[in-house]
Every structure is written in structure tokens, then in C-alpha cells.
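Report on the structure given below.
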Amino acid sequence: MSHMEFNTNLKDTLKSDNELKTGPLPRWQRRAREQGLTPLSINEKSFLGNKSGLGISPRSARTPLSGSFLDGKKSPSTGISPGREKSPARLMPKLAVRGHRTPGGGNKTPNKLACGDRFIPNRSATDYERSHHLIMSSMDRKDTNADDEQSLQQKEYREKMLQNLNDGVPPETRVLSFKAKAPQGKDGSKSSQNFQLFCNVMIFISAHINNLKVLFSTGKSATKSSSSRHIPSVPEKILDAPELLNDYYLHLMDWSSNNHLAVGLGGCVFIWNGGDGTITPLTQYEDPEYICSLSWIKEGNVLAIGRSNKNTELWDVAQQKLIRTMAGHTDRITSLSWNSFILSSGSRSGQIIHHDVRNPNHISATLNHHSQEICGLKWSNDGRMLAAGGNDNLVSIWENGSTTPLFTFSDHQAAVKGLAWCPFQNNILASGGGTNDRTIRLWNCSLGTNLKTVNTNSQVSSLLWSTHYRELISGHGFSQNQLTIWKYPTLTKVTDLTGHTGRVLEMCLSPDGQTVVSAAADETLRLWKCWAVDKKEKKSLNIGKDHPISALARTIR
């Protein structure tokens with residue numbers, strides 16, 4: 001009999017549809033027992049009218065929700081496992097949801113939390129981009145050992161890139177962040193905010209479109225590279241200028257296109273050759289005559305001299321010969337400016353005269369608008385407008401050929417001597433006021449509007465624009481007697497050039513646009529190479545070295 005029982009047990013074991021009488025309990029059943037939960041009961045109606053009050057019935061291993069509630073005993077009513085029934089309707093008991101009635105019976109399940117056998121993720125709480133990035137990074141680390149293959153430079157480059165792209169946060173803590181507000185620019189302007197918002201939107205779009213999943217952040221603003229241009233703080237050369245008159249209203253220096261610097265010292269005019277450094281006297285007047293103003297023609301071969309005897313002279317510098325003397329003013333001539341063959345002169349009386357040097361009757365027009373001495377006079381680069389500054393604190397703008405001013409600016413509170421037209425915007429004029437004003441103003445002479453005003457805290461005696469940079473330089477008096485470089489159009493200070501012990505009276509720009517020469521009341525001329533250009537772009541300037549002026553060279557002192 002024993003061998004028959006053994007065969008029977010063996011057959012029962014080999015049958016796949018038989019109940020498993022031995023083995024460990026399922027995990028969900030163990031957890032239910034640990035938490036003290038009662039097994040789910042099967043509704044009587046779910047067994048097609050079975051009123052025997054079945055207790056816990058197993059589910060067959062063939063059902064989709066495999067698992068069994070059997071504890072090793074057969075069903076008390078039939079002795080046959082419900083899992084062996086052929087009708088599918090009897091294989092799936094209807095389970096009740098916590099807190100609701102069952103669809104079939106209406107019984108309530110115990111109000112206890114039953115642990116499920118799987119985790120259902122929440123899409124709103126999942127960071128898919130980060131997950132994908134971490135998975136791909138882990139796969140790359142498994143496939144190849146990048147640290148061994150990379151060189152030292154590649155490692156440093158990778159570390160810098162990780163630091164910049166993660167905004168200083170360790171790379172394993174954050175990949176992307178769109179919840180933070182876009183940082184404002186340094187100026188706090190609305191355009192900067194719109195730009196940051198645009199960058200964040202583009203990052204979000206690229207993260208979903210880019211197949212390579214390149215992730216980056218613009219939280220850290222790009223740093224601006226500092227200016228590589230060096231501005232020397234000391235002059236390149238110093239020349240002595242004895243008997244240079246300390247008169248704010250005079251213009252005693254001008255630099256020609258032939259690299260010749262004309263300087264008026266008392267009653268003498270000297271020419272300094274910038275090519276070879278030689279100095280030649282041009283003319284000398286006896287006391288009490290003195291030089292009031294100097295101005296080169298555009299071609300650089302004729303020098304106009306305004307004298308204290310009310311006359312204007314034209315000199316051929318190469319021949320050291322007086323060409324012409326022009327009268328017409330009733331007082332000393334303190335300002336001169338060329339416009340092709342028209343020479344404009346301004347005097348202490350406030351009168352401006354246009355001289356046509358081609359005609360015997362040289363006076364072509366007379367302008368009577370200023371009530372006091374003309375301190376500054378400048379034609380625009382295109383020759384369309386003339387700017388005049390007077391001791392009556394006015395700046396007048398005249399169109400070429402007109403005898404009435406186009407605009408008159410009265411914003412300055414002192415005499416206006418410093419006048420300079422912008423070389424890259426012909427309608428922009430810079431003007432500087434004297435001791436009681438101390439301001440630099442930018443004017444739009446097409447519209448007659450004041451574009452910018454900056455307080456310099458000192459007397460402004462001269463203004464020059466750079467031809468290489470968007471900058472201008474101003475000469476000042478008390479208390480530092482400095483030259484100041486300003487950035488256009490904001491008029492922010494770039495640097496100060498100090499060294500003069502007296503107020504700066506006049507400045508001139510070299511023909512190559514790199515050097516500024518300043519004349520001061522300390523009777524010195526200082527050459528500042530403040531607008532030097534790159535050596536690759538620099539063109540050699542060989543003009544003036546063989547000029548015949550250098551035949552009678554002598555020192556200024």
C-alpha cells in the first residue's frame with residue numbers, strides 16, 4: 001500500500017493544475033497577516049447562487065491574478081478547489097474597493113490600508129529629462145571608462161563645462177530647473193529680463209527636440225572680457241613751451257595733416273615736425289603784438305594766424321612766406337576754423353566773418369549773433385554746419401550759407417570754449433563750459449536736442465573725439481588740471497591723465513588719431529598716446545620727415 005500512496009502523491013505533484021500544498025506563502029499574503037488584515041471574502045452571488053457560505057477560496061494559477069489563499073485545507077463544501085472549475089465566471093471573485101460598496105453584494109471592506117503588490121508612478125512627480133540623462137550617463141560609464149581615456153586637458157575642460165552648465169551645483173544634484181525666476185541683468189532693464197526669459201524658453205524647447213539631449217543652463221550670466229587696450233598714465237614726450245599765454249579764450253596750437261604742430265608762444269610761431277622732432281620758427285611779432293589763434297588748412301600746407309592787431313594772416317609754411325593779410329574785425333581774433341576754401345574767424349567783439357580766400361574781396365558773410373567774445377569755432381566734418389561758443393554762455397549752430405542761426409543753446413552757465421564734432425555722426429556736437437558750468441553736453445544739431453550731460457567738477461577748456469574708438473577726451477583746469485577720457489554715448493569716465501601743474505588750455509589730435517598733445521599754463525606740451533591702435537592694424541606714418549621746414553631746426557626753450 002505504501003508504494004501505491006507514493007505513486008498517487010507523485011502523480012498529484014506532477015499535475016500542473018493541482019493545488020500546491022507545500023511551499024512559502026505569497027508576499028501579499030504574508031504582509032496581510034503581518035498587518036492583521038482579514039482575508040477578502042467572496043460574495044455569494046458571485047458563485048451563481050451558491051448559498052453554502054464559502055469562506056476563503058483559492059484562485060487558480062491559470063488566472064491572470066495568480067496566487068492562492070489556501071492554507072493547506074480543501075474547500076469545506078465540495079472538497080474541490082474553485083481554481084479547477086471550468087467556468088471563467090467562477091474564477092474571478094469581485095473585490096471591494098476600500099470605502100465603497102461592492103458592485104454585487106454591498107458589503108463593506110474593513111477601513112484599513114492594504115498594501116499593493118506593485119508601484120504605480122505619478123507622471124506629474126516624475127522628471128523624465130533627468131531620468132533619461134542619468135540613465136544615459138550610467139550606461140556611458142559602464143560601456144567605457146572615460147576617466148582613463150581622457151587626457152588631463154580634457155578632464156579640466158569637462159570639469160569647467162560641468163561647473164558652468166550646472167550653475168555651480170554638483171552635477172548629480174540637478175540637471176534642469178525651470179521653476180526659478182530668470183535673473184535680471186546688471187542694469188535691471190526690461191530688455192535683459194526679456195532676453196533671459198527667451199533663453200529659458202529656448203532651453204525648454206531644445207530639451208524636448210534635441211535628440212542628443214544636450215542640457216544646459218543660462219543661470220550664470222556670461223562675464224564680459226576686460227578691455228585689453230592699455231592707456232599709458234604718463235606722457236610719451238614732454239616739450240617746453242616758454243611764454244605760452246595763460247589765456248582761456250585763445251587757441252594757440254594746431255596739428256596739421258602733414259604731422260606738423262604749430263604753437264604760438266607770445267609773439268612767435270614755431271613749427272614742430274612730428275616725424276623727426278625738429279622745431280622751426282615761422283614768424284615773430286614785436287611787442288605788444290601776440291598770437292591769438294592758429295588753424296591749419298585741410299591740406300596742411302597753409303597756416304592761418306589770428307593776431308591781436310585785428311588781422312588774419314595766411315602763411316605758406318613750406319616756403320616760410322606770408323601769402324595774404326585779411327582785415328575786417330574790430331578786435332583781436334581768438335578763433336579760426338577752415339571749411340575747404342572758406343576760413344571763418346571769430347573775434348572779441350562777438351562777430352564771425354567768413355573769408356573766401358580765393359577772391360580779392362574775401363569777406364563772403366558776416367554773422368552777428370553773440371554779444372561777447374567768440375571762445376570756440378568749429379565746422380562740422382561734412383562742412384554743412386558751423387558751431388560757435390561764446391563768452392555769453394551761448395552755443396550757436398549755423399547752416400552753411402545762412403546768416404541766421406539754426407539753433408541757439410543756452411544751457412551752459414559759463415563761457416563755452418570746448419567744441420568738437422563727432423567724426424562718426426556728423427550731427428553730434430560736444431560742448432564744454434567754463435568754471436561756473438563745468439559740464440560736457442552732447443547735442444543733436446539736426447533736431448536741436450540735448451542728448452547727454454555730465455558734470456566734470458572742473459573747468460572744461462578743450463574737447464577732442466577719437467577717430468579709432470567711440471570716446472572723447474576733455475582738458476580741465478582747477479583742481480587736478482587733468483585730461484579725462486569719456487566713453488560715448490554714456491559719457492562714463494574711462495580714465496584720467498594727470499601730470500600738468502597748471503590748467504590745460506588747448507588740445508590737438510595727431511593726424512594718425514593715436515596721440516593727443518596738451519598745452520597747459522605750466523608752459524609745457526605733453527604728448528599722450530592714449531588712443532593707440534593694434535600693431536596689426538597700424539599703418540606707418542612717414543609724412544613730414546623730409547619736409548623743408550626742418551632746415552632751420554631749433555629748440556623751443
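The figures that follow rest on heavy atoms only: side chains count, while hydrogens, waters and symmetry mates do not.
- Using a 3.5 Å distance cut-off with no hydrogens or angles, the side chains of Q459 and T435 do pair a donor with an acceptor.
- V395 places a side-chain heavy atom less than 4.5 Å from the side chain of H412.
- For R384, the CZ atom counts as loosely surrounded, since its 6.0 Å shell holds 12 or fewer non-hydrogen atoms of other residues, nucleotides or ligands.
- Checking E373 against N391 by side-chain atom types alone, no donor-acceptor pair falls below 3.5 Å.
- Checked against a 6.0 Å centroid threshold, the rings of H354 and W379 count as neighbours.
- A salt bridge links R332 with D247; the closest basic N to acidic carboxylate O contact falls under 4.0 Å.
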> Would N444 and N427 satisfy side chain to side chain donor-acceptor pair (under 3.5 Å), going step by step from the backbone distance to the final call?
Replying inline: CA-CA 6 Å; N444 186 331; N427 62 332; 3.1 Å; yes

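- The minimum heavy-atom distance between N311 and A327, with the atom names listed, is OD1-CB, 3.5 Å.
- Annotation: the span from I297 atom CD1 to S256 atom OG amounts to 11.5 Å, rounded to 0.5 Å.
- Note that CD of Q425 and OH of Y488 are 3.5 Å apart. Values are rounded to the nearest 0.5 Å.
- The cationic group of R307 lies under 6.0 Å from the six-membered ring centre of Y285 and within 45° of the ring axis, placing it in a cation-pi geometry.
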>> Let's go through E289 and S308 carefully: what are the C-alpha distance in whole Å and the side-chain angles of both, what is the deciding distance for side chain to side chain donor-acceptor pair (under 3.5 Å) to 0.1 Å, and is it a yes or a no?
In response: CA-CA 6 Å; E289 292 291 324; S308 60; 3.2 Å; yes

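- In this structure, I397 and L429 have side chains that are in contact, with non-hydrogen atoms separated by less than 4.5 Å.
- Side chain to side chain, T408 and H369 meet the donor-acceptor criterion of an N or O pair below 3.5 Å.
- With contacts defined as side-chain heavy-atom distances shorter than 4.5 Å, the pair I305/I291 qualifies.
- Rounded to the nearest 0.5 angstrom, Q320 CD and T283 OG1 are separated by 9.5 Å.
- With hydrogens and angles ignored, the 3.5 Å screen pairs no side-chain donor or acceptor of H329 with any backbone N or O of R348.
- Checking H476 against S458 by side-chain atom types alone, a donor-acceptor pair falls below 3.5 Å.
- At distances below 3.5 Å, not a single donor-acceptor pair connects side-chain atoms of W296 with backbone N or O atoms of S257.
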> Going through the distances and angles, do N450 and T453 end up as a side chain to side chain donor-acceptor pair (under 3.5 Å)?
Replying inline: CA-CA 8 Å; N450 185 7; T453 301; 2.9 Å; yes

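- Although no hydrogens or angles enter the test, the distance criterion places no donor-acceptor pair under 3.5 Å between the side chain of Q284 and the main chain of V269.
- Between the CG atom of L463 and the NZ atom of K378 there is a distance of 10.0 Å, given to the nearest 0.5 Å.
- In this structure, K417 is not positioned above the aromatic face of Y249 in the sense of NZ or CZ being under 6.0 Å from the six-membered ring centre and within 45° of the axis.
- When all heavy atoms of T490 and K452 are compared, the closest pair comes out as O-CE, 3.2 Å.
- Y248 and E506 form no side-chain donor-acceptor contact under 3.5 Å, judged by distance and modelled atom types alone.
- Aromatic rings of F407 and W443 (six-membered ring for Trp) have centroids beyond the 6.0 Å cut-off, not under it.
- In this structure, the separation between CG on D356 and CD1 on I342 is 4.0 Å, given to the nearest 0.5 Å.
- With values rounded to the nearest 0.5 angstrom, I440 atom CD1 is found 9.0 Å from S431 atom OG.
- When all heavy atoms are compared, the tightest approach of G389 to L419 is N-CD1, 3.5 Å.
- Cation-pi geometry between R229 and Y469 is satisfied (NZ or CZ under 6.0 Å from the ring centre, within 45° of the ring normal).
- Counted by atom type alone, D496 and T498 present zero donor-acceptor pairs between their side chains at under 3.5 Å.
- For the pair L483/W528, a side-chain contact is recorded, criterion being any heavy-atom separation below 4.5 Å from C-beta on.
- Side-chain atoms of V517 and L261, non-hydrogen and from C-beta on, do get closer than 4.5 Å to each other.
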> Would H355 and S345 satisfy side chain to side chain donor-acceptor pair (under 3.5 Å), going step by step from the backbone distance to the final call?
Replying inline: CA-CA 8 Å; H355 306 272; S345 59; 2.9 Å; yes

